[in-house]
> 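Before I ask anything, let me first share the structure, which is written out below as structure tokens.
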There are 2 protein chains.
Amino acid sequence: MAQSQRGAETRARILEAAALCFTRAGYDSSGVAAICDGAGVSKGAFYHHFPSKQAVFLALFDRWIDGLQHAIDATRIPGETVPQRLEAMAGVAQQVLQATEGQIPLFLEFWHRATKDPEVWQTLIEPYRRFRATFAGMVREGIAEGSVRPVDPDLAAHVLVSLGVGLVLQSALDPGDDIDHQAADQAIRLFLIGLTDGREQ
Amino acid sequence: MAQSQRGAETRARILEAAALCFTRAGYDSSGVAAICDGAGVSKGAFYHHFPSKQAVFLALFDRWIDGLQHAIDATRIPGETVPQRLEAMAGVAQQVLQATEGQIPLFLEFWHRATKDPEVWQTLIEPYRRFRATFAGMVREGIAEGSVRPVDPDLAAHVLVSLGVGLVLQSALDPGDDIDHQAADQAIRLFLIGLTDGREQ
DNA sequence: CACTACATACCGACCGGTCGGTTTTTAAGC
DNA sequence: GCTTAAAAACCGACCGGTCGGTATGTAGTG
């Protein structure tokens, strides 16, 4: 632990600087030199801690996913109905995105590169499908307990994730500070009405 | 005019080749040389017709927006209620995206570069806001005619566009051939239930 | 001859990654 | 606690290659 405290700090600084560069300029336009500069570190140090520029990018992605997963797990409060949990999730997702302060462009960067590079795709698609499966499971659960209309769970999950992705993407393009915060809640609420169709929750 | 027929064809070939390259490899990874190669044209010809690589990209974007706008205008059938028109729009949007066959990654490319380059952003944000205003207007109209619940029109438009963007983005990342086609319809339908809340349409 | 529509060769900047060498930290022997 | 050797951390010059864009020349046409 204290073994390589200095090394760990340098590594963290590189990650931080890389996140900033990728967020501001994008992956392709961010040179390794610029990242090193931002981290106050030489190129040698960079390649000592990471085998490639892409490795830093993927490490950043893993860190991001871990945070998201952790936040989602926190909403697993038993004893509530599925619609209630979905509604709670809207607040959490929004809170996560706000906590990662301005890292939304980074999310777009992940998405973009995943469609170009197979390795990035592999890394992104796994948690992505896991999330979708989680939502589908919740919908299925809701149908079983009668709080949700009998819709295709996979389709509903697909729509739900689309909603989330779309909201994030829009705030990346055109950050409307006040709108964005309301939008997630409103979107989920509208969607929930469609799902429950006036049932008792 | 017949004079510039050859020129127009060359220009079209360059645009076509550029679309293919950008779709497959992305903007940054597509060299001008590769585009010229794909078009069967020299670099001189390229820079004769376009002042820069970015100009080709923006020209491609304009072409895409024109197609989309044209398709949306086609749904302006008077005499139908707003929910009916929104539902029809789901089919049209899907048809447009399918007609431009596999150009969904190009859409992502537009979005991505808009967040990095001010000029691209300017070009994208204008039609984008116009679309959103159109939707907001439709929702407002629906509220007036009583076919839509009294929600905030701008917020509803925001959510609606998010849904569209999210659906397109997902199909760019993970094309589920069968799901994607149903998803747009199903999504709009669920959303419409939320908007109308069981009113007569 | 003048003008459009191209072709070819070429330039300078930049970028990811390497490499030989230097400094700092750690661990072992005494 | 001191010495020392090895290992980890770090430095910065450098390389091969790519890329956007330019300069210059030419073939065809009105």
Side-chain angles (χ1 to χ4, degrees), chain A residues 1-61 109 112-113 116-120 123, chain B residues 1-61 109 112-113 116-120 123:
Chain A
M1 341 216 165
Q3 154 105 18
S4 59
Q5 177 143 8
R6 178 154 156 258
E9 266 172 29
T10 303
R11 192 189 144 94
R13 282 223 313 281
I14 292 173
L15 277 172
E16 218 52 48
L20 194 65
C21 284
F22 291 157
T23 299
R24 284 215 271 237
Y27 180 84
D28 287 313
S29 301
S30 297
V32 173
I35 297 172
C36 293
D37 212 46
V41 152
S42 76
K43 233 172 182 183
F46 182 97
Y47 282 98
H48 176 75
H49 288 283
F50 298 96
S52 67
K53 179 181 159 188
Q54 173 140 310
V56 184
F57 184 73
L58 292 177
L60 237 31
F61 176 74
E109 211 65 33
H112 179 244
R113 276 196 63 72
K116 311 298 172 194
D117 187 295
E119 190 187 355
V120 180
T123 310
Chain B
M1 298 300 121
Q3 150 90 19
S4 64
Q5 172 121 19
R6 192 164 65 115
E9 268 172 27
T10 302
R11 193 188 143 94
R13 283 223 312 280
I14 292 173
L15 277 172
E16 218 51 47
L20 193 64
C21 284
F22 291 157
T23 301
R24 286 215 270 238
Y27 180 83
D28 287 314
S29 302
S30 296
V32 173
I35 297 173
C36 294
D37 212 45
V41 151
S42 76
K43 231 173 179 182
F46 182 97
Y47 282 98
H48 175 73
H49 288 282
F50 298 96
S52 67
K53 179 182 160 187
Q54 172 142 310
V56 184
F57 184 73
L58 292 177
L60 237 31
F61 175 73
E109 211 65 32
H112 179 244
R113 277 197 61 74
K116 311 298 171 193
D117 187 296
E119 190 188 354
V120 179
T123 310

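Atom set for the values below is all heavy atoms of this structure, side chains included, hydrogens, waters and symmetry mates excluded. Below, chains carry the letters A, B, ... as their sequence lines are ordered, and counting in each starts from 1.
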> Using atom CZ of B/R11 as one end and atom P of C/dC6 as the other, report the distance to the nearest whole Å.
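Result: 12 Å.
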> To the closest 0.5 Å, what do you measure between CD (A/E16) and CD (A/E9)?
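Nearest 0.5 Å value for the CD-CD distance: 13.0 Å.
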> Once you round to the nearest 0.5 Å, how far does CZ of B/R24 lie from OG of B/S29?
13.5 Å
> Excluding sequence neighbours, so at least two apart, what forms side chain to side chain donor-acceptor pair (under 3.5 Å) with B/K116?
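Listed in chain order: A/E109.
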> Between A/T10 and D/dC10, is there a side-chain N or O to OP1/OP2 distance below 4.0 Å?
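It does, given that an N or O in the side chain of A/T10 lies less than 4.0 Å from OP1 or OP2 of D/dC10.
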> By side-chain contact (heavy atoms from CB on, under 4.5 Å), which residues pair with B/S52, not counting sequence neighbours?
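side-chain contact (heavy atoms from CB on, under 4.5 Å) check on B/S52 returns B/Q54, B/A55.
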> I need the CD-P distance between A/E9 and C/dT24, as an integer number of Å.
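Atom-to-atom, A/E9 to C/dT24, this comes out as 16 Å.
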> Both conditions, 6.0 Å and 45 degrees, for the charged tip of A/K53 above the ring of A/Y27: are they met here?
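Pair A/K53/A/Y27 counts as cation-pi.
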> Just so I know, are the side chains of B/V32 and B/Y47 near enough to count as touching, which here means a heavy-atom distance under 4.5 Å?
yes
> Could you tell me which residues satisfy salt bridge (Lys or Arg N to Asp or Glu O under 4.0 Å) with B/E119, sequence neighbours excluded, listed by chain and number?
none
> Using the side-chain contact (heavy atoms from CB on, under 4.5 Å) criterion, which residues pair with B/H48? Sequence neighbours excluded.
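Checked B/H48 against side-chain contact (heavy atoms from CB on, under 4.5 Å); zero matches.
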> Kindly state which residues belonging to residues 27-52 of chain B come within less than 4.0 angstrom of DNA chain D, counting heavy atoms of the residue only, listed by number.
B/S30, B/G31, B/V32, B/K43, B/Y47, B/S52
> Please work out which residues in residues 13-22 of chain A have a non-hydrogen atom less than 4.0 Å from an atom of DNA chain D and list them by number.
none
